[in-house]
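Below is one structure; the comments refer to it alone.
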Amino acid sequence: MDQADKKERRDSGSHDVTPPEKLVRQYNGSVEIVRAGTLAALVENLTRHDKLDGSFNRIFLTTYKHFTSGAELLELLIDRFDCSPPISNATQAIEWSTRIKPLIRLRVINVLKQWLEHFWSEPNGVDTDRNLRILQSFAKRATDATETGATQQLLTVIQRRLAGFDCKRRSLSSISTPPKPILPRKLDKLQFLKIDATEIARQLTIMEAHMFGKVQRDELLNKNWQKKEGSSALELAPNIRASIRYSNQLSNWVGTLILAESDLKKKDSGGRAFGQCGEPMISSAHNYQAYRDTLRVAMAPCVPFLGLFLKDLTFIEDGNPATTPEGLINFHKYTMLASTIHEIQRLKEAPYALRPVPELQEYLATQLQSAVDLQDMWDKSCELEPRGRDLGNRPRDLYTPTGGMFASMVVACMVLDD
């Protein structure tokens, strides 16, 4: 974006305290919903003196990288702090200086603090360090211009960021006492059938929850998990990619265990048991409505099938333009994206009260990594159970569960077997 474009976006409302003209709203009853707007108008709405819209602020700070940069947002917020009064009479000028301007300035300070504490995802580097120092200089000036402790709190957060510390509030440790692990007699010579099924489920849960907890907000934006990284680029969405690999490995492992059973009756009953315990919850009917309803009422901690959320994010990204026909930022799109991301974040808010057993986790990780790819098991399955050939010429992928859905069956079994 060139300087002329940036100036036009700033001058379209950020210096004026009157309601911005380039902001499209709709009302759901008495609730005001922002649908679109210029960047400057959105920033002004972010720092309104007459209304605090926490929902709007969370959506904006979650998705701002879609439509602006951290440097530009910082510049706009500082401009907003220094906004000029509208042309007015003496009475309005007094109201401006005594009531409106102090509230706008407080809103700016609080938005900056919220950004740095909860939504900061700027990459480490010289540019980010320079922006933080610009912000630090501004905060020192703001301390002299305002009579509030909020600016001092902002300075503290900035200093922590400059020092390389994470300012996010950590989830409190679970107050529940972890159950005692159910251990086999010999941890140095583990055999799958001699490990308690409940303890297998616990250790798999800990392993997957660890990966799920590391997924960062930025990984969920711009379909980053689908992009091919360049030779000199940082890996995009590394934690989502790790979760996908884990789900595929889990699916492969379960399939391998079933096919490894030579007794046809045992193998068939094992396959039916995975299907019967997981099928109702993960039914694809009505876009997996049963599973979605289960997640909606689930309390953290909860490890969901991440693939369903990635599907939703992809649909939102591909099905909604970034701007409206009038050239405004399509904030409705980012509202939908943020809603999905916030649901993912909600499920990570608390840790599991489970005790890791390193020996079991190492064993399980080795098993997962050595499992045969699920797609390569079709011929082996048909050899062991020729009836599969009777399905005719229909595509094999209609019968071979995908990695993600097979994994979700396994996870469903773990939950239902509690």
Side-chain angles (χ1 to χ4, degrees), residues 33 35-36 55 58-68 119 121 208 211-230 233-252 278 281-296 298 302-325 328-348 373-375 395 397-398 400-412:
I33 301 173
R35 300 279 300 188
S55 177
R58 287 191 298 274
I59 294 167
F60 184 101
L61 293 174
T62 295
T63 61
Y64 73 90
K65 282 192 171 181
H66 266 278
F67 47 83
T68 186
F119 298 93
S121 58
E208 187 165 9
M211 286 183 287
F212 178 59
K214 292 171 65 176
V215 172
Q216 301 298 307
R217 190 180 294 108
D218 276 8
E219 297 184 51
L220 299 164
L221 297 173
N222 295 303
K223 298 188 294 185
N224 281 333
W225 64 91
Q226 295 182 7
K227 295 178 181 177
K228 295 182 179 180
E229 52 186 302
L234 294 174
E235 184 181 1
L236 295 172
N239 299 301
I240 291 180
R241 294 171 189 262
S243 294
I244 292 172
R245 285 194 297 270
Y246 175 88
S247 292
N248 289 335
Q249 289 173 348
L250 179 61
S251 305
N252 297 339
M281 184 186 294
I282 63 160
S283 169
S284 62
H286 306 292
N287 195 19
Y288 301 97
Q289 189 62 50
Y291 185 65
R292 293 179 187 276
D293 290 342
T294 301
L295 285 180
R296 191 170 293 112
C302 174
V303 180
F305 174 44
L306 192 58
L308 190 62
F309 287 111
L310 299 183
K311 173 188 173 184
D312 291 344
L313 291 170
T314 300
F315 181 81
I316 295 168
E317 293 273 19
D318 293 345
N320 299 273
T323 58
T324 67
L328 303 177
I329 295 170
N330 182 9
F331 200 73
H332 176 63
K333 171 179 180 174
Y334 304 118
T335 299
M336 292 189 290
L337 285 175
S339 176
T340 302
I341 293 172
H342 292 164
E343 179 64 9
I344 295 173
Q345 296 295 108
R346 180 186 71 81
L347 298 175
K348 302 194 300 178
D373 187 277
L374 197 65
Q375 298 301 325
D397 59 10
L398 290 179
T400 306
T402 64
M405 291 316 297
F406 205 94
S408 62
M409 286 186 186
V410 177
V411 174

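Not measured: the values here are computed from a predicted model.
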Notebook entry, point to check: Can you check whether Pro321's main-chain N or O pairs, donor with acceptor, with Asn330's side chain at less than 3.5 Å?
Noted result: yes
Next item on the list: May I ask you to test the Phe331-Met336 pair for a side-chain heavy-atom distance under 4.5 Å?
Entry: no
Next item on the list: For residues Ile244 and Leu306, determine if any side-chain heavy atom of one lies less than 4.5 Å from a side-chain heavy atom of the other.
Entry: no
Next item on the list: Taking the side chain as every heavy atom from C-beta outward, state whether Ile341 and Arg58 have any pair of such atoms under 4.5 Å apart.
Entry: no
Check: Does the side chain of His286 reach to within under 4.5 Å of the side chain of Arg292, using non-hydrogen atoms?
Finding: no
Next item on the list: Step through it carefully: locate the ring centre of Phe119, locate the ring centre of Phe60, and say whether they are under 6.0 Å apart.
Entry: no
Item checked: side-chain contact (heavy atoms from CB on, under 4.5 Å), paired with Leu313, selected from Asn222, Leu221, Leu220 -> Leu220
Notebook entry, point to check: Is a side-chain donor or acceptor of Tyr291 paired with a backbone partner of Phe305 at a separation under 3.5 angstrom?
Noted result: yes
Check: Can you name the nearest heavy-atom pair linking Phe212 to Ser243, along with the distance?
Finding: N-OG, 4.3 Å
Item checked: Check: Asn320/His332 side-chain N/O donor and acceptor closer than 3.5 Å -> no
Check: What distance do Cys302 atom SG and Lys348 atom NZ have between them, rounded to the nearest 0.5 Å?
Finding: 12.5 Å
Note to self: Salt bridge check, Arg241 against Glu219: does any charged N sit closer than 4.0 Å to a carboxylate O?
What the structure shows: no
Checklist line | Side-chain touch Tyr334/Thr62, heavy atoms, less than 4.5 angstrom | finding: no
Margin query: With heavy-atom distances below 4.5 Å as the criterion, would you say the side chains of Lys223 and Asp318 are in contact?
Written below: yes
Margin query: Rounded at 0.5 Å granularity, tell me how far CG in Leu308 sits from CG in Leu295.
Written below: 7.5 Å
Next item on the list: Verify side-chain contact (heavy atoms from CB on, under 4.5 Å) between Ser121 and Lys65, making sure each step is shown before the conclusion.
Entry: CA-CA 9 Å; Ser121 58; Lys65 282 192 171 181; 3.5 Å; yes
Next item on the list: Evaluate the side-chain proximity of Arg35 to Lys333: yes if any heavy-atom separation is below 4.5 Å, no if none is.
Entry: no
Next item on the list: Check step by step if side-chain contact (heavy atoms from CB on, under 4.5 Å) holds for Gln289 and Thr294.
Entry: CA-CA 9 Å; Gln289 189 62 50; Thr294 301; over 6 Å; no
Item checked: Where Leu347 and Ala298 come nearest, the two heavy atoms and their spacing -> CD2-O, 4.3 Å
Margin query: Is it the case that the side chains of Gln226 and Thr314 hold a donor-acceptor pair, with the cut-off being a distance below 3.5 Å and no angle test?
Written below: yes
Check: Rounded to the nearest 0.5 Å, what separation is found between the CZ atom of Arg245 and the CG atom of Asn248?
Finding: 10.0 Å
Notebook entry, point to check: Looking at NE2 of His342 and OG of Ser55, how far apart are the two atoms once the value is rounded to the nearest 0.5 Å?
Noted result: 8.0 Å
Next item on the list: Quick one: closest heavy-atom pair of Val303 and Glu208, and the distance?
Entry: CG1-CG, 3.5 Å
Item checked: Residues Asp312, Thr340; criterion side-chain hydrogen bond (donor to acceptor under 3.5 Å, both in side chains); working and verdict -> CA-CA 8 Å; Asp312 291 344; Thr340 302; 5.2 Å; no
Checklist line | Approximate separation, where rounding is to 0.5 Å, of Ile344 CD1 and Ser339 OG | finding: 10.0 Å
Item checked: 4.5 Å side-chain heavy-atom contact, Met211 and Lys214 -> no
Next item on the list: Look at the side chain of Ser284 and the backbone N and O of Tyr288, then say whether any donor-acceptor pair between them is shorter than 3.5 Å.
Entry: no
